[in-house]
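The structure appears below as structure tokens.
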Protein chains: 2
Amino acid sequence: MAFDGILKNIARHADLTAGEQDLFCSVLQVKNLKKKELLFKPGKICQQEAYINKGCLRTFFCDKNGAQNTFYFGIEDWWISDLLSRTFKVPSQYHVEAIEDAQVFLINDEDLENLMMRIPKLEHFYRKLFQYSVATFEQRLLEAHQLSAEERYRKFRDKYPEFDRRIPQKHIASYLGMTPEFFNTIRSKVLKAH
Amino acid sequence: MAFDGILKNIARHADLTAGEQDLFCSVLQVKNLKKKELLFKPGKICQQEAYINKGCLRTFFCDKNGAQNTFYFGIEDWWISDLLSRTFKVPSQYHVEAIEDAQVFLINDEDLENLMMRIPKLEHFYRKLFQYSVATFEQRLLEAHQLSAEERYRKFRDKYPEFDRRIPQKHIASYLGMTPEFFNTIRSKVLKAH
DNA sequence: AAAGAAACTTAAGGTATATTTAGAAATGGG
DNA sequence: CCCATTTCTAAATATACCTTAAGTTTCTTT
């Protein structure tokens, strides 16, 4: 069935009944994206949470010089949204773009809040999901401060070998907080070391 | 009453009945800390969430060179914990230390999970709390990548004037990801600009 | 109040990373 | 399949930030 993946993802922390599963799936909206197409655009308040069923996406924003700053990737079975905008109800500053052709399932913020009220297990799930996210961001922030550019890349490679394969260098460079040129010299060096 | 502050904090997102409030308060453990005393130590799995009723604390860890790396501050009405350790059940790497004499209210992870099952509104509260945290960390990570040291300090000052007043420079320097010496030159420059 | 410890200040020299430029390789559209 | 565009590689120069070190002020303890 089409929604197998997302239901299995939720089942990690919440044991929904068949009826609850149906209810949940009934609010999902399927969206297909071509490579380079935008899922979310800056300017308005982000109203949706997205589950990636297929493909690869990235979140980035443009700084005052117009340069793109990527800070989030997502592939199959990941969740992606603009929590900053959704949480504080401020206009989004982010672009969410497909790096490969992709399929996502969207849930409106309002539907999600309603569902969580009706199904406490679902609120439990998202509480856990966000708790994990905080822990992960904390880790990333630490690494950004503590590690050299080369060390950051080595960790990234170990942790997300798939990202390293599927995502263009310039985006990885930005994600790791360095220029594409410098990233390239580091990468060549790391590859040679094998 | 002693628990006014924490109950008011929770009331921002969860409207607990008097009975639920009592139940919640019954699992709280009060702990007073002297300046420099540790609330959490590295080595074991963190089992508690803490609400700061009074005083100022910081979270830091020691890197391979033994240098302290501060990445989190908290004052009155803030929550503090080691989510990385608590969430993934891995030994903590963090010290949580009182910067000033402090009083915190502790909740055991197990009690908290039980309470959240019994009182869905409480799970709602922590879901919101963590959702805010993710958004905040996201913002910090962006600023760490995008902004120069001076810009980072200016933002910090604007956002947390109280931290700037109460916390020693070396800790702020570490939080902002720079050396105390460099921070000092920046700070003098920023102060002169007024 | 004195002595010691910790925190802050200032400056010189050094290093990791950024910027710029340029060309080569890969990719994609017609 | 070819041309246009994007991505990658490479090297030279520039700079933000670090390291070290020494002096000064502030805090802490007795």
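For the numbers below, each heavy atom of this structure counts, side chains included, while hydrogens, waters and symmetry mates do not.
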Open item on the list: Ignoring hydrogens and geometry beyond distance, is a side-chain donor-acceptor pair present between B/Thr136 and B/Gln139 at under 3.5 Å?
Closed with: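 B/Gln139 and B/Thr136 do not have a side-chain donor-acceptor pair below 3.5 Å.
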- [ ] Please list residues of residues 95-104 of chain A whose heavy atoms come under 4.0 Å from any atom in DNA chain C, ordered by number; otherwise none.
- [x]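 Hits under 4.0 Å, by residue number: none.
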TODO: Kindly state which residues belonging to residues 165-173 of chain B come within less than 4.0 angstrom of DNA chain C, counting heavy atoms of the residue only, listed by number.
DONE: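 The stretch gives B/Pro168, B/Gln169, B/Lys170 as the residues lying under 4.0 Å from the strand, ordered by number.
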Minimal non-hydrogen separation, [X] against [Y], with atom names:
{"X": "B/Arg58", "Y": "B/Ile99", "result": "CB-CD1, 3.7 Å"}
{"X": "B/Ala135", "Y": "A/Phe88", "result": "CB-CE1, 3.5 Å"}
{"X": "B/Ala102", "Y": "B/Cys56", "result": "CB-N, 4.3 Å"}
{"X": "B/Leu16", "Y": "B/Ile10", "result": "CD1-CG2, 4.2 Å"}
{"X": "B/His13", "Y": "B/Tyr132", "result": "CE1-OH, 3.7 Å"}
{"X": "A/Gln29", "Y": "A/Gln48", "result": "OE1-NE2, 3.9 Å"}

- [ ] Using the test ring-ring contact (aromatic ring centres under 6.0 Å, His included), find all partners of A/Phe182 that sit at least two apart in sequence or belong to another chain.
- [x]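 Listed in chain order: nothing, the list is empty.
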Open item on the list: Under a 3.5 Å distance rule, please check whether B/Ser85 uses its side chain to pair with a backbone N or O of B/Cys46 as donor and acceptor.
Closed with: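 Side chain of B/Ser85 to backbone of B/Cys46: a pair is present.
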TODO: Please answer whether the main-chain N or O of B/Glu110 pairs with a side-chain N or O of B/Glu113 as donor and acceptor at a distance below 3.5 Å.
DONE: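 Pair absent, no side-chain N/O of B/Glu113 close to backbone of B/Glu110.
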Task: Contact letters for nucleotides 18-25 of chain D, in which S counts primed atoms plus P, OP1 and OP2 and B counts the base, heavy atoms under 4.0 Å - done: SBBB----
Open item on the list: Hydrophobic clusters here meaning ILVMFWY residues chained together by side-chain heavy-atom distances under 4.5 Å, can you tell me if B/Phe60 and A/Leu142 are in one?
Closed with: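 No; A/Leu142 is not reachable from B/Phe60 via cluster members.
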Open item on the list: Does anything in residues 138-155 of chain B come within less than 4.0 Å of DNA chain D? Heavy atoms only, and list the residues if so.
Closed with: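 Heavy-atom cutoff 4.0 Å gives B/Ser148, B/Ala149, B/Arg152.
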Open item on the list: Tell me if the centroids of the rings in A/Phe105 and A/Trp79 come within less than 6.0 Å of each other.
Closed with: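 No; A/Trp79 has its ring centre 6.0 Å or more from that of A/Phe105.
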Task: Centroid-centroid distance, B/Phe156 to B/Tyr175, less than 6.0 Å - done: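 Ring centres of B/Tyr175 and B/Phe156 closer than 6.0 Å.
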Pull out every protein N or O sitting under 3.5 Å from an N or O of nucleotides 27-29 of chain D, one pair per line with the distance.
residue	atom	partner	partner atom	Å
D/dT28	OP1	B/Lys35	NZ	2.7

Task: Under 4.0 angstrom between B/Thr185 side-chain N/O and C/dT10 OP1 or OP2 - done: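 Checking C/dT10 against B/Thr185, no side-chain N or O comes under 4.0 Å of OP1 or OP2.
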Open item on the list: Angle between ring planes, B/Tyr72 versus B/Phe137, binned at 30° and 60°: parallel, tilted or perpendicular?
Closed with: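 Geometry flag for B/Phe137 against B/Tyr72: parallel rings.
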TODO: Determine, for B/Phe71 and B/Arg140, whether the Lys NZ or Arg CZ falls below 6.0 Å from the six-membered ring centre while staying within 45 degrees of the axis.
DONE: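 Pair B/Arg140/B/Phe71 does not count as cation-pi.
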